[in-house]
Amino acid sequence: MGLLPDQYDKYLRFFKFMLKYWNSDVFSYSEDGINVTNSDDVVSKFDHTPEELTEDLKKMGPTYVKLGQLLSTRPDLLPSHFMEALATLQDDVDEVEYEVVEEIFKEEIGLRISKAFLSFDKTPLASASIGQVHKAITHDGQLVAVKIQRPGIRKRFIEDLDTLMSLSEKAEKISEVARSYSLHSVIEELRYILLKELDYNLEAQNLTRLKTNLKDFQHLFIPAPVMDYCSSRVLTMEFVEGSKVTKISPLKSMGLDMEPLIDDLIKGYLKQIIVDGFAHADPHPGNVYLTPNHQIALMDAGMVAKFSDEMQETILKLMIGLSNYDDARVSELLLSISEYDEKDVDLTLFRKNIARKIQESENQIAKDLKTGRTLIEINQMAAKQNIHIPVNLNVLGKILLNMDQIVATLTPEYDMQKTVKEYVKYLMQKKVKDNIKPGNLMELFLEMKDLTENLPFRLNKFSENLAENKIRIKVDTIDEERFTDAFQKVANRITAGLIIAALIMGAALMARIPSSWTIGGYPAFAFLLFVFAVLIGLFLLYQILFKDKKE
């Protein structure tokens, strides 16, 4: 398909950007780069600085600014210092005039601002690439924040994202690097996230759900949306008083007991991921506030992560494996949920690298353990070996990495690994208890009932096929004598199984017939018949478990 005239500028800007960074080591760095502790040493390793990258993204326009912010949640793709720069990336946008804000509000909500609010600050608190925020007071005296989406921003984002989708697909066809990092899938995922973030109705729903899920954590605060004044382009929610944790001075934090807050923050996130399957996906320190009520407020719920039941179970097992330094278990869990071609992957090398990484963690003292960093480094190793670990684990790594940063800011001596280990064990116990609830037992009973009802039909069908010689066994190599013996053994076992089943069913039917000769209150002949069937069954089981293995 040819390039349309109005696409020339988009493609031209993109190609200029890629010519500069495609061969840059920013996007092909070694995982060793994130182990450097001196920031000057880290920056000197790259031919472009974080500040240079952020400025170039600003020049590309608001879509690329937002994509840069989203890429800051993908530590598997970029070095840590570049992620930090991208997390704070803001484009130099002009404020939307109040008249435009009022027009959008009326169009979306159906009311004039003066009718909806007792007071409304015309000067925005913040102005970003997607929208700007104003402070207001409702007629019932509630202090709120009103976020208004910029006019025309959705159309522009969709056009830019479509361009990126087209180019990333082409890039994978010609570049091994693009294929190893699944560039098209990354862009597709970021496109999905960004379009979701453009719908403020979804963000309002996210806030409501998070507030409900975290209601038991008294030190966590999620601002509730004011649904009467929310739409796809307008979001009104409780105003959060307080300061970003990054702005809290060490002296101020020393005067407060921060451990209960950090406990709730870590446990709250583990609950979101492992129990709820729905988590606030961008808890970088700039989105986390400390309120005057001594609570931690989580801001910006536009970006959330969802985890399937299967993924929740896997993450729970993975966290236990990491806390027990069980590298073999961690390797198998990761491979079980990853995509890879066994022909192109050295699984022995992958397992060896995982073992080394886990051993490094085991040798660290408790307060220096960084589970988030470990997960990120594991993902980087996997990507370099063409093993594609699910994006959800990248999100988990980024969340835990952000937890490390918040803990380091508020409680430097806090043992986060201990809290994670203890709470994960608690969650495991809770899941076991949940599995033995009456509802789950009833489901198990119904499955057993279905099996019992269908078993006679299946046995009859199998014996019929066996009698008519319709059973076929496909093998790669055949030892005729051994195969005949094995088949005869299988047939004997099946026959014995059918006889045992017939004896048990006969005993059950005869137990209904009254008899003067009883054993333990049951008709004696039926009882002896049942015991005889059990003895044969036990002997057959012994043969299968012990004799067959030796043969």
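For reference, positions follow the sequence shown, starting with 1.
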N/O donor-acceptor pair under 3.5 Å between Thr163 side chain and Glu159 backbone: yes
Leu235 to Cys230 - nearest heavy-atom pair and separation: CD1-SG, 3.8 Å
For a quick check under 3.5 Å, do Arg154 and Ser232 share a side-chain donor-acceptor pair by atom type? no
Do Asn206 and Phe278 touch side chain to side chain, with heavy atoms closer than 4.5 Å? yes
Glu55 versus Glu52: any side-chain heavy-atom pair under 4.5 Å? no
Taking the side chain as C-beta and beyond, is there a heavy-atom pair between Ile406 and Leu265 under 4.5 Å? yes
Can you confirm whether Glu103 is buried at CD, in the sense that more than 12 heavy atoms of other residues, nucleotides or ligands lie under 6.0 Å from that atom? no
Taking the side chain as everything from C-beta on, heavy atoms only, tell me whether Val133 gets closer than 4.5 Å to Pro124. no
Go through it in stages, so that I can follow the logic: the residues are Glu313 and Lys317, the test is salt bridge (Lys or Arg N to Asp or Glu O under 4.0 Å), and I'd like the CA-CA distance, side-chain angles, deciding distance and then a yes or no. CA-CA 6 Å; Glu313 291 283 350; Lys317 294 173 185 176; 5.2 Å; no
Note, Leu400 side chain near Met416 side chain (heavy atom, < 4.5 Å): yes
So CG of Leu210 and CD of Gln272: to nearest 0.5 Å the spacing works out to 5.5 Å
When you measure from the side chain of Glu95 to the backbone N and O of Ser127, does any donor-acceptor pair fall under 3.5 Å? no
Looking only at heavy atoms, what is the nearest atom pair of Gly321 and Val330, with distance? C-CG2, 3.8 Å
By the ring-ring contact (aromatic ring centres under 6.0 Å, His included) test, which pairs, at least two apart or in different chains, include something from residues 188-228? none
Might you work through the salt bridge (Lys or Arg N to Asp or Glu O under 4.0 Å) test for Arg373 and Asp404, ending with a clear yes or no? CA-CA 9 Å; Arg373 186 175 294 275; Asp404 288 331; over 6 Å; no
Is the closest side-chain heavy-atom distance between Glu169 and Met165 below 4.5 Å? no
Indicate whether any N or O donor in one side chain lies under 3.5 Å from an N or O acceptor in the other, for Tyr98 and Thr123. no
What is the distance from atom CG of Leu198 to atom CD1 of Ile158, rounded to the nearest 0.5 Å? 7.5 Å
Close side-chain approach of Phe105 to Ile148, heavy-atom, < 4.5 Å: yes
side-chain contact (heavy atoms from CB on, under 4.5 Å), that's the test. Do Val226 and Met237 meet it? Break it down for me. CA-CA 5 Å; Val226 181; Met237 58 185 172; 5.8 Å; no
Side-chain (Asp264) to main-chain (Leu220) donor-acceptor, under 3.5 angstrom: no
Inter- and intrachain pairs under ring-ring contact (aromatic ring centres under 6.0 Å, His included), touching residues 124-167, at least two apart: Phe120-His134
For the pair Ile378 and Leu393, evaluate side-chain contact (heavy atoms from CB on, under 4.5 Å) and give the outcome as yes or no after the intermediate values. CA-CA 10 Å; Ile378 285 173; Leu393 285 189; over 6 Å; no
For residues Asp263 and Tyr423, is any side-chain donor paired with an opposing acceptor at under 3.5 Å? no
Step by step, would you call Ile137 with Val144 a side-chain contact (heavy atoms from CB on, under 4.5 Å)? CA-CA 6 Å; Ile137 300 175; Val144 296; over 6 Å; no
Minimum heavy-atom separation for Leu143 to Glu241, with atom names? CD2-OE2, 3.4 Å
If a pair satisfies salt bridge (charged side-chain N to carboxylate O under 4.0 Å, His left out) and one of its residues is in residues 116-138, list it, with sequence neighbours excluded. none
What pair of heavy atoms forms the shortest contact from Arg191 to Asp162, and how long is it? NH2-OD1, 3.0 Å
Flag the pair Ile262 / Met403 as yes when at least one side-chain heavy-atom distance between them is below 4.5 Å, and no otherwise. no
At their closest point, which heavy atom of Ala136 faces which heavy atom of Phe117, and how far apart are they? CB-CD2, 3.9 Å
Could you state the interatomic distance from CG (Asp415) to CD (Glu422), rounded to the nearest 0.5 Å? 8.5 Å
Is a donor on one side and an acceptor on the other found under 3.5 Å between the side chain of Thr411 and the backbone of Glu413? no
One should read off an interatomic distance between Ile273 CD1 and Gln312 CD, to the nearest 0.5 angstrom, of 10.0 Å
Does the Thr236 side chain pair with the main chain of Tyr229, one donor and one acceptor, at a distance under 3.5 Å? yes
Whether Ser308 side chain and Met311 backbone form a donor-acceptor pair below 3.5 Å: yes
Taking all non-hydrogen atoms of both residues into account, name the closest pair between Leu427 and Leu270 and its distance. CD1-O, 4.1 Å
Applied to residues 197-211, the salt bridge (charged side-chain N to carboxylate O under 4.0 Å, His left out) test, sequence neighbours excluded, yields Lys66-Glu197, Lys147-Glu203, Lys211-Glu238
Listed partners of Glu97 passing side chain to side chain contact (heavy atoms under 4.5 Å, CB included), at least two apart: Glu99, Val100
When you measure from the side chain of Asn379 to the backbone N and O of Leu375, does any donor-acceptor pair fall under 3.5 Å? no
Distance in Å, Ser168 OG paired with Leu161 CG, rounded so as to fall on 0.5 Å steps: 10.5 Å
Full working for side chain to side chain donor-acceptor pair (under 3.5 Å) between Thr419 and Tyr414: CA-CA 9 Å; Thr419 302; Tyr414 184 87; 2.6 Å; yes
Any chance you could measure Ile104, atom CD1, to Ile109, atom CD1, to the nearest 0.5 Å? 11.5 Å
Show the atom names and distances, to 0.1 Å, of all donor-acceptor pairs under 3.5 Å that link a side chain in residues 290-300 to residues at least two apart or in another chain.
from: Thr291; atom 1: OG1; to: Asn293; atom 2: N; distance (Å): 3.3
from: Thr291; atom 1: OG1; to: Gln295; atom 2: N; distance (Å): 3.2
from: Thr291; atom 1: OG1; to: Gln295; atom 2: O; distance (Å): 3.4
from: His294; atom 1: NE2; to: Asp257; atom 2: O; distance (Å): 3.1
from: Gln295; atom 1: NE2; to: Gln218; atom 2: O; distance (Å): 2.9
from: Asp300; atom 1: OD1; to: Gly302; atom 2: N; distance (Å): 3.3

Begin with the C-alpha distance, continue with both residues' side-chain angles, and end with the deciding distance and a verdict on side-chain contact (heavy atoms from CB on, under 4.5 Å) for Ile376 and Leu401. CA-CA 9 Å; Ile376 291 166; Leu401 188 64; 3.4 Å; yes
